[in-house]
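The structure displayed is predicted, hence computed values, not measured ones. Chain identifiers are assigned alphabetically (A, B, ...) following the order of the sequence lines, protein sequences preceding nucleic acid strands; residue numbering begins at 1 within each chain.
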Amino acid sequence: MGAAAAPRGIEASGDMPEIDYKFTDIERKWQARWRKARLFEADERSPRPKCYVLNMYPYPSGVLHMGHVINYTLGDVVARYKMLRGYNVMCPMGWDSFGMPAENAAIRTGVHPHEFTEKNIAHMRAQMGSAGWGYDWRREVATSHADYYRWTQWFFLKFYEKGLAVKKTAAVNWCESCATVLANEQVKDGGCERCGTQVAQKDMSQWFFRMSAYAERLLAGHETLRGKWPDAVLAMQEEWIGRSEGATVFFKVEETGDPLPVFTTRPDTLWGVTFMSVAPEHPILEKLLKGSPHERRVMPVVRELRAMGTSEKELAEREKVGVFTGFHVVNPVNGEAVPLWAANFALMAYGTGAVMSVPAHDQRDFEFARKYGLPIVPVILPPEGLDPAAMTCAYVDPGTMVASGPFTGATNTEAMPRIIRWLDEEGRGKAAVNYRLRDWTLSRQRYWGAPIPIIYCDACGMVPVPEKDLPVVLPEDVKFSRGGNPLATSESFVKAPCPRCTRPARRETDTMDTFVDSSWYFLRYCDAANDTAPFSPARIAHWMPVDQYIGGIEHATMHLIYARFFTMVLHDLGLLDFDEPFARLFCQGMVCKTAYYCEKCKWLPERKVEGGTRKGDAIEDGVCAACKGPVRAEMTKISKTKLNIVDPDAMIAKYGADTVRLYMLSDAPPDRMQVWSEDGINGAWRTLVRLWNLATAAVAQAPPVGTAIPADLDAENRALRRTTHQLIESVTGAIEGGFHFNTAVARCNELVNQWRAMKDRVHGVVLRETLETIVRVLSPIVPHFAEEIWERLGHEESIFAAGWPAADAAVAAEEMVEIPVQINGKLRGRVMAPPDATREDLERAALADEKVKKLLEGRTVAKVIVVPGRLVNIAVKG
RNA sequence: GCGAGAGUGGCGGAAUUGGCAUACGCGCCAGAUUUAGGAUCUGGUCCCGAAAGGGGCGGGGGUUCGAAUCCCCCCUCUCGCACCA
C-alpha cells in the first residue's frame, strides 16, 4: 500500500528511495470519501438536468480484462465530465449473469451456476472499486436473479399476447453424442467442439420473436440516430436488416403445376433465366421427388447438400454445388421451361428459398452454369454486344434489353419500374420488398437462463403462465452432466398443473437467449428495486433515453439491434413513450498488444521468446525458447488464445488506477485501436510523477483560495494565463467533439511545460490559477490525483463540486499573432500582427518584410491572398 | 465476393476540417544531479546538405494562390458479414 511508488519494474522494492506520490493511499482515501459523500448516487429529486451515462454491462467471468478497462474508464471519465458540466449523472452497473460459461463450469466441476456467478460478481465488483470507477450501486442488477428474470418472463408474456412470440421449427446444429444443440462457434470443421462427433442439422420447434415485422421501423429509426451513433454501426445494421426492392415472380413446376414463387431484385433479367435453384431444405423437393423416378438419384445428393451446416463462414468458403432434380419450372414471362436444381447456395431462410438463375448477368450463376454446362442467354447488351460463348464473366452493367418480349429495345435500368407494373397487371408477379433480417430465435436448450413461462397441457395445449405465478424459478434439483438440457432433468420443475384446467401438464424447458436479458437492463436501472412492476413510468420518464451509451463495436448488430427492437415493442405495448433507447452511442477501440507466433509451437508468451532485437515494445526476429524456430511479432487484439493478455489488477497495483486511466486516454482517441505497451504506461506514470512534484512544491507557495489576480502582471505571466484560458477552450472542444481526451492531455502538458520553463518567475496568484486549472481539467481522467491536489490547495469541497472551469475569452485572446508569409505556397517568412489586423495591414506588413522583399526582387506579384488572422500567400510569376 | 474504416518521423499520434506538416508523449542522443538509476532535471531529435537551399503525410494523377485534408486511378492493412437471388 503506501510504500514507495514503483517506477518501471517488476514490483516496488524497499531499497528504492521514496517517491512522494503515494498513489495507493491517495486512491483508497478518495474512493472512501466518494462513497461516504454518495457522489455517484443519482437522485431524481435533483434540480439539475439529468444525464444517463451507460456502459455495456459485463458477463461476470470473474476477472476484469483490458477490454473492460478501456470501456469503463471511458464511461467513468464521461460521467465525471458531465457531472462537472452541471448534470445530475446516473451511471449504473450490473451483470449479464446468465449464459454458457457458468453452465459449462457446473458440468465440468459440479459447482452450481448460481454459486459460481455470485462469487465472480463479488470479485469483479471489488476490482471495479479499486479502478476508481464510480457507480450508483443501489441500482445494480443481475439478470440471473429471480427479481430480475421475473420481469424478463413478464415481457415474454406481453410479446406472446401480442403475437410477437411464436413457435416455429428451425434447423439447429445437433450433436448426437452430447444430445445437445451447438452454437455455430461450438462447431469446428463440421464436428462438435467437445467430442468431435459429426454435427447434424436437426429440425426443432423453437421460440421466436417476430423481429422481421419490425425491419422497416428499425431501418427508419436510423434517421434519428444519424450523427449520434458511429456511421460504421449504422452501416452494419443497415446491411443486417438488408432491405431490397424487387418483385416476386410466379413460376410453376412444369410437370405438376406446383407454384414456385421467386423473389428477385432483377426482374429485368427474367428473359435470361436458364435454370432455377432451390435450397436443399425446400419442402417442394420432398413433394416432387417422393415416388418419382428421380428420387433414388437426387435425394441422396440433396441430403448431402443439407448436411453441410449453417455456419456462415463455411457457407462463404465452400464450393457451390447442386443437382438437377429432373423437374422443370415454367417462366411466366415467356412460358419457357427451364431445369430445376437443388443447390447449396440457395438459402431457405431468405426470400422464398428459391433463386432464379441468370448466368449472363449474375456472376455466381455464371460460374455455376459454366461448371454444370448450363446455357447462358444474354438479354441485356452493351453497345458492342455480347457473345455468350466468349464471355469470361457475367455482364452486370446497364444496357439494352433484347429478346425480352414487350421490353425489347428498352434500357434495363429505365424499364425496371414498368416491368414490375407489367408483372402485376398480367398476374405474373408483383412488386415486393424483401429483408434479410430474420426472426429472433430466443430458445436455448440450457439451464442457466430465464425459463420461458409456458405450460403444455394435453387438453388445453400451450398455456402461458399467469402473471401472478411469476417468476418461474430455476429449480435446484438438476443434474449437470454432459448431454441434454439440465432443466429437463428436474422433475419438480417439469411437472406442473395446467393453469387453465389444473390437470397435470409439463413446463417448457427452453430458457431465453441472454440477449433478451440485455434488451431491457438499461430500463431496470432506472427503478431497480421495484417489486410490483419492471419499472415505474415516472422513473423511466425521468432518466430515459440513455444519453450516452458506451461499449464495444462487436455488439454493432446483435445486442444493439435486439435492444432497439425490444424498446420498439415496449413502446407499442404502451409501456414506453419513446422507441429508440440510446440517444448517443460511442464505440471504443480494441486493446491490442504485440503477440508472438512460432510456426511450430503456435502462440507464445513474451517470456518464451529468446534473442532478437527489441524494437520499441516488440521483440523482432527472436527465436522460440522451445523449438528454436523463428518467431513472428504481430500487433493484435489482447486475448487469451494469443497469450498477450495484461492483468488490470497487476497494473493498478504497480502504477495506480490514475496512471492506468491516464494511459488509456492519453495516447490515441478512444475509438481507435489502443496499443498496450509497457513503455507507454511508464510514460503516463512519469507524467503524473512530474506533475505531482511540481504541484506539491507549488502548493506551498500559492496564496490563499480566492486571492484576486493583480492587474499589473508582466508579459510572461500574462502569456501563461493566456495559455491557461486557451487550454480550457480547447479541452472543452476536444471532449465535446468526440471524446478526444488525448489532445486534452497534450494541451495540459503544453501548459505544464510553459509553466516549468518560467520556473520561479510565476506570480503566486497565477501559479494557483495555473495549477487549479490543470487539475480541474484533468480531474475526470485522474480523479484521485486531482482531488488530492485540490484539497492540498486549500479547498474543502470535492473538486467534482467545483464545476468545469470557465475560460475568460479576454484573457485567452492573443495580444499579437504570428502570421506566416508564403510565396507560391512555400513558407518564406513571418510577420507579427494584432489578431484583428485587416487584409490591407497584413498585405502591407508581408510585402515590407525584409526576407520577402529580397525574394520578390525582379519578380512580378500576380496576386496576394490574405486570410486575416491566418496567413498571407503571395503568388508571383517568373 | 460484399460493406465499413484506416495509411503522417524509429513508435502512439497532432494538424482549429482547404492555410506554418510532425503539437503532446514514448524511444533515442548528449549533459547535469545522484552511492546507484529503468528516477529527476536541461538541451537535441522528419530526411538530404557544411551552408544556402531542397525533399517530405502509402503510390500516381487532378482541382486550387495554397491539399495530410477535396476529386479520379492504384497499392497495402484492419474490422464486420447471413452467397442478399
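Separating the C1' atom of B:G10 from that of B:C29 is a span of 13 Å, rounded to the nearest Å. Using atom P as the reference point in both B:U17 and B:G13, the two lie 22 Å apart (nearest Å). Rounded to a whole angstrom, the distance from the P atom of B:U69 to that of B:U16 is 13 Å. Nucleotides B:A39 and B:C46, compared at atom P, are 23 Å apart to the nearest Å. Taking atom C1' in both B:G60 and B:G44, one finds a spacing of 37 Å when rounded to whole Å. Across the C1' atoms, B:U64 and B:C71 are found 12 Å apart, a figure rounded to whole Å. One C1' atom belongs to B:G9, the other to B:C26, and the distance between them is 13 Å to the nearest Å.
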Base-pair map of RNA chain B as dot-bracket, where | denotes pairing with a different strand and pairs are Watson-Crick or G-U under 3.5 Å
(((((((..(((......[....)))((((((.......))))))(((....)))..(((((..]....))))))))))))....
What N/O pairs connect the protein and nucleotides 12-14 of chain B at under 3.5 Å? Give each pair on its own line.
| residue | atom | partner | partner atom | Å |
| --- | --- | --- | --- | --- |
| B:A14 | OP1 | A:N742 | ND2 | 3.3 |
| B:A14 | OP2 | A:R672 | NH2 | 3.4 |

What protein N or O atoms touch nucleotides 41-46 of chain B N or O atoms at under 3.5 angstrom, if any, and at what distances?
| residue | atom | partner | partner atom | Å |
| --- | --- | --- | --- | --- |
| B:C41 | OP1 | A:R756 | NH1 | 3.1 |

Under 3.5 Å, N/O pairs linking protein and nucleotides 64-73 of chain B:
| residue | atom | partner | partner atom | Å |
| --- | --- | --- | --- | --- |
| B:C65 | O2 | A:N873 | ND2 | 2.5 |

If you restrict it to nitrogen or oxygen atoms, what contacts under 3.5 Å exist between nucleotides 48-53 of chain B and the protein, and what is each distance?
none

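Taking every side-chain heavy atom of A:A235 into account, B:A4 is the closest of B:A85, B:A4, B:C26. Among the nucleotides B:C83, B:A39, B:G55, the one closest to any side-chain atom of A:R686 is B:A39. Here the side chain of A:A746 is nearest to one of B:C24, B:A4, B:C79, namely B:C24.
Residues satisfying the side-chain hydrogen bond (donor to acceptor under 3.5 Å, both in side chains) test with A:S212, not counting sequence neighbours, are A:D439. Not counting sequence neighbours, the partners of A:F739 by the ring pair (Phe, Tyr, Trp, His ring centres under 6.0 Å) test are A:F586. In terms of the side-chain hydrogen bond (donor to acceptor under 3.5 Å, both in side chains) criterion, residue partners of A:N753 (sequence neighbours excluded) are, by chain and number, A:R756. Legend: residues meeting ring pair (Phe, Tyr, Trp, His ring centres under 6.0 Å) with A:Y214, ordered by chain and number and at least two apart, are A:F565. Residues forming a side-chain hydrogen bond (donor to acceptor under 3.5 Å, both in side chains) with A:E281 (at least two apart in sequence, or on another chain): none. By the side chain to side chain contact (heavy atoms under 4.5 Å, CB included) test, A:S244 pairs with A:F263, A:T265, A:Y350, A:N434, sequence neighbours left out.
At least one side-chain nitrogen or oxygen of A:N753 sits closer than 4.0 Å to the OP1 or OP2 atom of B:G25. Note on A:T687: every side-chain N or O is 4.0 Å or more away from OP1 and OP2 of B:G25. A sub-4.0 Å separation between OP1 or OP2 of B:A85 and a side-chain N or O of A:S244 is present.
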Under 3.5 Å donor-acceptor pairs involving side-chain atoms of residues 660-669 of chain A, not counting sequence neighbours:
| residue | atom | partner | partner atom | Å |
| --- | --- | --- | --- | --- |
| A:R661 | NE | A:I781 | O | 2.8 |
| A:R661 | NH1 | A:D76 | OD2 | 2.8 |
| A:R661 | NH1 | A:G132 | O | 3.4 |
| A:R661 | NH2 | A:D76 | OD2 | 2.7 |
| A:R661 | NH2 | A:P780 | O | 2.9 |
| A:Y663 | OH | A:V675 | O | 2.5 |
| A:Y663 | OH | A:S677 | N | 3.0 |
| A:S666 | OG | A:L662 | O | 2.9 |

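Within 4.0 Å of A:A346, counting heavy atoms only, lies at least one base atom of the nucleic acid. Among the heavy atoms of the strands lying under 4.0 Å from A:G683 are primed sugar atoms or P, OP1, OP2 only; no base atom is included.
We find that A:E729 and A:R747 are not joined by a salt bridge, their nearest charged nitrogen and carboxylate oxygen being 4.0 Å or further apart. Under 4.0 Å is where a charged nitrogen must lie from a carboxylate oxygen, and between A:R364 and A:E367 no such pair does.
Relative ring orientation between A:Y21 and A:W692 is described as tilted, the plane-to-plane angle lying within the 30° to 60° band.
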